[in-house]
Amino acid sequence: MKLQDVPSAKIKMSEVRIQIKACGLNNKDLFISKGVYFRTMSPPLTLGSDIAGIVVEIGQEVTNFKIGDRVVVSPIIGCGDCEQCLREEENKCNRYESALGGLAEEFVISQNQLLKIPDNFDYADAAALPIAYLTAWNMLYNKAKVTKKDTVLFWGGTSGVGTAGILLFNQYQNTIAIAGSEEKVEKLKSLGVKHVINYKNEDVYERVMALTKDEGVDVIFDPVGKAAWSKNLDLLKNNGRHVNCARSSGAEATIDLGKLFAKQIAIYGAKSGTKKDLQNVMDHLKRIHKKPIIDKTFFFKQAKDALHYLENERQLGKVVVINESK
Ligand SMILES: [Zn+2]
């Protein structure tokens with residue numbers, strides 16, 4: 001990974017040039033840099049999908065934005081004409097592209113991918129949102145359709161998507177979070193989560209059953225993969241929902257189909273979210289008077305350090321790179 005000068009991209013009629021002010025990092029950036037991302041990406045490329053900045057130039061056909069607007073990029077770029085895209089569900093498009101290139105001074109993108117940043121968020125807040133908060137929103141509200149009465153078991157609670165889920169659910173009495181160290185347990189408690197289980201030295205099943213009076217939970221929020229599948233069907237109530245969005249602890253899991261149908265359990269996969277979801281996330285956070293949880297910000301020239309920090313998995317929430325160059 002290196003810093004270099006590249007020519008400025010030309011803008012098309014319906015495109016906008018953004019001076020990037022902040023870029024949130026995700027595991028996706030780590031996976032791409034290591035060549036293990038699930039889609040093949042050929043270098044050279046510029047990392048960073050969670051992009052927030054200020055509009056500095058607009059194409060002739062741009063009507064929704066003007067120079068000086070503070071904007072955030074919705075990261076999934078659908079093909080625009082398939083059944084899913086016409087339904088504004090671009091995260092289900094077979095031909096989607098990802099916005100990529102946030103670790104730079106500027107970014108050119110169609111006006112259709114942009115949303116205005118609400119006044120209550122700064123650029124770092126906005127750049128913390130896209131992938132993690134969209135994914136968490138999709139998992140909780142589009143797939144599991146959680147209500148205030150539900151109890152949700154959060155695996156990977158301190159990760160970007162885990163903290164996003166806990167914050168968006170906003171029902172700390174009904175939240176059980178799982179972490180892998182005492183340091184992380186304490187961090188989650190500091191967020192207001194009442195019940196935190198350290199899976200390294202506690203029996204998750206026994207603790208969950210004790211906390212739920214032997215009933216189990218309504219929803220399992222799973223951004224980790226294999227580790228969350230041990231006893232998942234026993235941990236869920238009848239009609240429970242398991243939602244997965246990643247596979248960092250392993251991609252293969254076994255399942256007891258007898259329990260699946262007898263308990264009428266639903267299993268969902270969730271991938272990122274739509275521009276509509278991003279607006280919903282911002283509106284929801286405003287309604288509950290919350291801001292995204294940012295663990296640490298780095299300056300642009302420290303972007304490599306920021307990726308290493310993310311790789312060490314000690315953060316609580318998002319890691320954001322701030323572009324201070326202009
Ligand atoms: Zn499409």
Side-chain angles (χ1 to χ4, degrees), residues 9-18 20 23-24 26-29 31-32 36-43 45-53 55 58-65 69 71-102 104 107-117 126-127 129-145 160-161 164 168 223 241 243-247 251 266-284:
K10 292 219 162 50
I11 71 167
K12 295 182 191 140
M13 305 277 253
S14 61
E15 287 183 333
V16 166
R17 188 186 310 279
I18 302 163
I20 297 171
C23 175
N26 293 285
N27 280 338
K28 172 186 173 182
D29 298 302
F31 297 153
I32 293 173
V36 295
Y37 189 52
F38 78 99
R39 299 180 108 188
T40 309
M41 316 280 275
S42 309
L45 42 84
T46 307
L47 297 175
S49 293
D50 289 354
I51 302 165
V55 174
I58 57 172
Q60 286 171 341
E61 290 174 3
V62 171
T63 49
N64 300 336
F65 297 92
D69 279 346
V71 291
V72 57
V73 175
S74 183
I76 300 284
I77 307 166
C79 74
D81 55 27
C82 73
E83 191 188 337
Q84 315 288 359
C85 286
L86 293 175
R87 220 186 287 138
E88 297 185 6
E89 294 183 352
E90 65 271 18
N91 60 333
K92 295 174 189 153
C93 172
N94 270 329
R95 288 175 284 154
Y96 83 94
E97 300 286 334
S98 288
L100 196 66
F107 191 65
V108 169
I109 187 107
S110 161
Q111 65 168 343
N112 296 332
Q113 293 301 125
L114 298 177
L115 287 170
K116 286 182 185 152
I117 299 172
L129 293 176
I131 291 185
Y133 282 73
L134 277 178
T135 303
W137 180 271
N138 190 7
M139 292 169 82
L140 290 172
Y141 292 103
N142 297 343
K143 301 297 182 186
K145 299 194 190 308
V161 68
L168 290 170
R241 294 89 84 198
V243 194
N244 168 272
C245 72
R247 51 173 182 179
I267 295 172
Y268 296 101
K271 188 183 72 191
S272 193
T274 65
K275 188 170 87 167
K276 237 187 200 170
D277 292 328
L278 187 53
Q279 187 63 58
N280 284 334
V281 164
M282 293 194 288
D283 293 346
H284 181 77

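Counting starts at 1 for both ligands and their atoms, following the listed order.
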Name each donor-acceptor pair under 3.5 Å that joins a side chain in residues 109-116 to protein atoms two or more places apart or in another chain, with its distance.
unit_1 : atom_1 : unit_2 : atom_2 : d
Ser110 : OG     : Asn112 : N      : 3.0
Gln111 : OE1    : Thr63  : N      : 3.2
Gln111 : OE1    : Asn64  : N      : 3.2
Gln113 : NE2    : Ser74  : O      : 2.7
Gln113 : NE2    : Ile76  : O      : 3.0

Reported CD1-to-SG distance for the pair Ile77 and Cys85, which is rounded to 0.5 angstrom: 11.0 Å
Gap separating the NZ atom of Lys143 from the CZ atom of Arg241, nearest 0.5 angstrom: 13.5 Å
Atom of Val73, atom of Ala99 and distance for their closest heavy-atom approach: CG1-CB, 4.0 Å
N/O donor-acceptor pair under 3.5 Å between Arg17 side chain and Ala9 backbone: yes
Shell of protein N/O/S atoms around the Zn ion (ligand 1), taken as anything under 2.8 Å: Cys79 SG, Cys82 SG, Cys85 SG, Cys93 SG
Residues Asn138, Asp277; criterion side chain to side chain donor-acceptor pair (under 3.5 Å); working and verdict: CA-CA 7 Å; Asn138 190 7; Asp277 292 328; 5.4 Å; no
